[in-house]
Amino acid sequence: MKFALLVPEEFATHYRAHSFEISGLLNWARVLNGDILTITEYHGGYDWVMTNVSSTENEYLSFIRQVDPDAKVVACFDYGFDVINQYFSTLQRIKTVMNRADAIFSVNRNQVEWMKVLLPDRDIHYIPHPADTENMLKFRRPKEQRTMGVGAMWHQYHDYNLQMLEVLKAVERKLKRTFRKTLIGLKPRIMQERGMKIVSATLPIVPEDHPEVKLRGQPLDPGLPDIVQMMPPGVGWDGVLPYFGVEPWYTFLSQFEVCLDMYTTNSIGRFGIDCAGAGVPLVASDRQDSSKLLFPFTTIDPFVPLPAVNFVAKLLSNPEFYSRVEQIALKNLKHYGFERSKERMMRALEET
């Protein structure tokens with residue numbers, strides 16, 4: 001099978017610049033031993049062509065049909081349905097786009113159910129995006145080296161950061177001690193566009209041993225000073241971390257003792273997969289597909305604060321519970337690896 005994944009220019013550039021890939025969509029090229037191409041690079045000649053149809057790429061299906069009518073087309077729908085209005089103006093638009101595909105899959109369970117309602121005559125497959133678990137596991141470190149406290153995941157599709165901060169302050173009161181509280185995964189460009197600010201005591205800066213002298217002491221991301229409102233310790237977050245490239249992301253993530261994700265939007269739960277790979281126990285939102293598989297003992301309703309408080313506190317104070325949560329996540333992580341992902345995708349394609 002000759003396979004191609006058709007993506008926007010910035011996706012292809014990212015894929016070609018890194019030794020391994022954090023994006024689940026881009027990992028399909030490695031899983032299926034195929035090529036990643038931009039729309040200007042695609043000239044046909046493939047048996048199967050996959051493209052994401054969640055945002056700007058929704059016209060790619062029509063393009064593929066015109067360039068290579070003999071190719072089988074796979075449509076990937078990879079955002080939670082509660083943010084779909086950002087990409088499609090009407091439900092009829094979704095139906096039109098999706099009916100151009102030979103095979104349709106979503107990485108999100110909730111979304112699959114919606115697609116079945118919209119397209120009752122089509123088979124809609126649930127296939128989570130693959131994760132490069134083999135490379136992720138290389139960043140794991142012993143528990144005693146996870147010294148950065150608790151990290152909470154920022155998401156661009158909801159503004160729920162103060163709620164998570166208050167949960168962690170409640171944990172401190174429960175344990176009668178303080179710990180470092182860091183908001184991670186910020187995307188400064190998006191936050192600047194929306195006029196969003198984060199209250200924090202510190203900015204992450206380039207260390208003094210960096211080989212480029214003029215960068216030393218500068219913010220890790222040049223956009224951070226525009227979105228971080230500096231406040232004294234104890235008022236807001238102790239620190240923030242932007243979203244990094246692949247290797248820096250896992251390097252930093254593996255240094256947290258515990259993480260918290262109270263995401264209110266239905267999604268695959270990629271952050272949970274990352275935490276499982278990095279060896280960091282996560283208190284995870286039950287709106288994420290990965291939460292109950294990877295973190296069954298610490299899954300919570302993101303709208304109810306007390307269970308989140310109790311689970312974070314228990315992870316920070318009970319070594320046996322901590323180890324059990326970590327080991328279950330590691331055991332079940334293989335579900336998202338390349339081998340299982342290929343099996344799921346090939347079953348779907350063979351049925352087409």
Side-chain angles (χ1 to χ4, degrees), residues 24 78-83 106-113 126-129 131 133 136 140 143 146 149-155 157-171 174-175 179 181-185 253-254 256-337 340:
D78 69 354
Y79 287 111
F81 207 88
D82 38 2
V83 295
S106 174
V107 304
N108 177 261
R109 287 185 186 277
N110 172 267
Q111 192 179 82
V112 168
E113 297 304 314
Y126 168 57
I127 308 175
H129 275 328
T133 56
M136 291 164 61
R140 296 173 70 94
K143 183 176 182 295
R146 302 170 194 164
V150 180
M153 185 63 184
W154 178 88
H155 291 280
Y157 297 118
H158 80 160
D159 189 10
Y160 214 55
N161 307 315
L162 289 179
Q163 286 88 341
M164 290 194 292
L165 178 60
E166 291 304 316
V167 162
L168 296 183
K169 287 181 178 180
V171 174
K174 184 179 181 70
L175 296 179
F179 48 82
K181 303 174 292 298
T182 304
L183 188 62
I184 60 179
L253 182 60
S254 64
F256 289 100
E257 186 176 0
V258 173
C259 280
L260 172 66
D261 186 7
M262 298 180 72
Y263 196 18
T264 59
T265 296
N266 288 111
S267 76
I268 181 176
R270 176 64 206 221
F271 183 60
I273 298 171
D274 285 347
C275 286
V280 180
L282 174 69
V283 175
S285 164
D286 63 6
R287 269 58 173 179
Q288 312 306 291
D289 292 341
S290 67
S291 60
K292 292 181 181 179
L293 178 64
L294 297 176
F295 298 100
F297 305 120
T298 54
T299 294
I300 51 97
D301 180 339
F303 295 103
V304 182
L306 192 56
V309 172
N310 291 336
F311 282 139
V312 173
K314 189 173 182 179
L315 286 169
L316 292 174
S317 61
N318 186 325
E320 291 183 0
F321 182 67
Y322 186 100
S323 178
R324 182 155 61 109
V325 170
E326 179 184 354
Q327 292 306 311
I328 288 293
L330 176 61
K331 176 185 176 182
N332 292 338
L333 182 63
K334 65 184 71 173
H335 178 78
Y336 298 100
R340 298 278 183 88

Check whether [X] reaches the backbone of [Y] with its side chain - one donor and one acceptor, N or O, closer than 3.5 Å.
X	Y	value
S317	A313	yes
R146	G279	yes
Y322	V258	no
S285	M262	no

Compare all side-chain heavy atoms of [X] with those of [Y] and state whether any distance is below 4.5 angstrom.
X	Y	answer
F271	M153	yes
K334	T133	no
V171	L316	yes
L282	T298	no
K174	V309	yes
V150	T182	no
Y263	P302	no
V283	L315	yes

Could you tell me which non-hydrogen atom of [X] sits nearest to which non-hydrogen atom of [Y], and how far apart they are?
X	Y	result
E326	P281	CB-CG, 4.3 Å
A308	L260	CB-CD1, 4.4 Å
S254	V280	CA-CG2, 4.1 Å

Considering residues at least two apart in sequence or located in another chain, which fulfil the side-chain hydrogen bond (donor to acceptor under 3.5 Å, both in side chains) criterion with S291? none
Less than 4.0 Å between a side-chain N and a carboxylate O, is that true for E320 and K314?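 So K314 does not pair with E320 through a salt bridge.
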Mind checking side-chain contact (heavy atoms from CB on, under 4.5 Å) for [X] and listing every partner two or more places apart, or none if nothing turns up?
X	result
I328	P296, F297, N332
D289	N108, R109, Y126
K331	none
A276	L294, F295, A329, L333

For side chain to side chain contact (heavy atoms under 4.5 Å, CB included), just list the numbers for Q288 and I268, CA-CA rounded to whole Å, side-chain angles, deciding distance to a tenth of an Å, and then say yes or no. CA-CA 5 Å; Q288 312 306 291; I268 181 176; over 6 Å; no
Report the distance from atom [atom1] of [X] to atom [atom2] of [Y], rounding to the nearest 0.5 Å.
X	Y	atom1	atom2	answer
R270	Y336	CZ	OH	10.5 Å
L253	M136	CG	CE	8.5 Å
I184	C259	CD1	SG	4.5 Å

More than 12 heavy atoms from other groups under 6.0 Å of NZ on K169: yes
Side-chain donor-acceptor contact under 3.5 Å, H155 with N161: no
Ignoring hydrogens and angles, state whether a donor on the side chain of T265 or H158 is under 3.5 Å from an acceptor on the partner side chain.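 Judged by distance alone, the side chains do not pair up.
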According to the interplanar angle, ranging from 0 to 90°, do the rings of F303 and Y160 count as parallel (below 30°), tilted (30 to 60°) or perpendicular (above 60°)? perpendicular
Among all residues two or more places apart in sequence or in another chain, which pass the salt bridge (charged side-chain N to carboxylate O under 4.0 Å, His left out) test with D301? R287
Let's go through D286 and I300 carefully: what are the C-alpha distance in whole Å and the side-chain angles of both, what is the deciding distance for side chain to side chain contact (heavy atoms under 4.5 Å, CB included) to 0.1 Å, and is it a yes or a no? CA-CA 6 Å; D286 63 6; I300 51 97; over 6 Å; no
Apply side chain to side chain contact (heavy atoms under 4.5 Å, CB included) to the pair F311 and V325, showing each step before the final yes or no. CA-CA 11 Å; F311 282 139; V325 170; over 6 Å; no
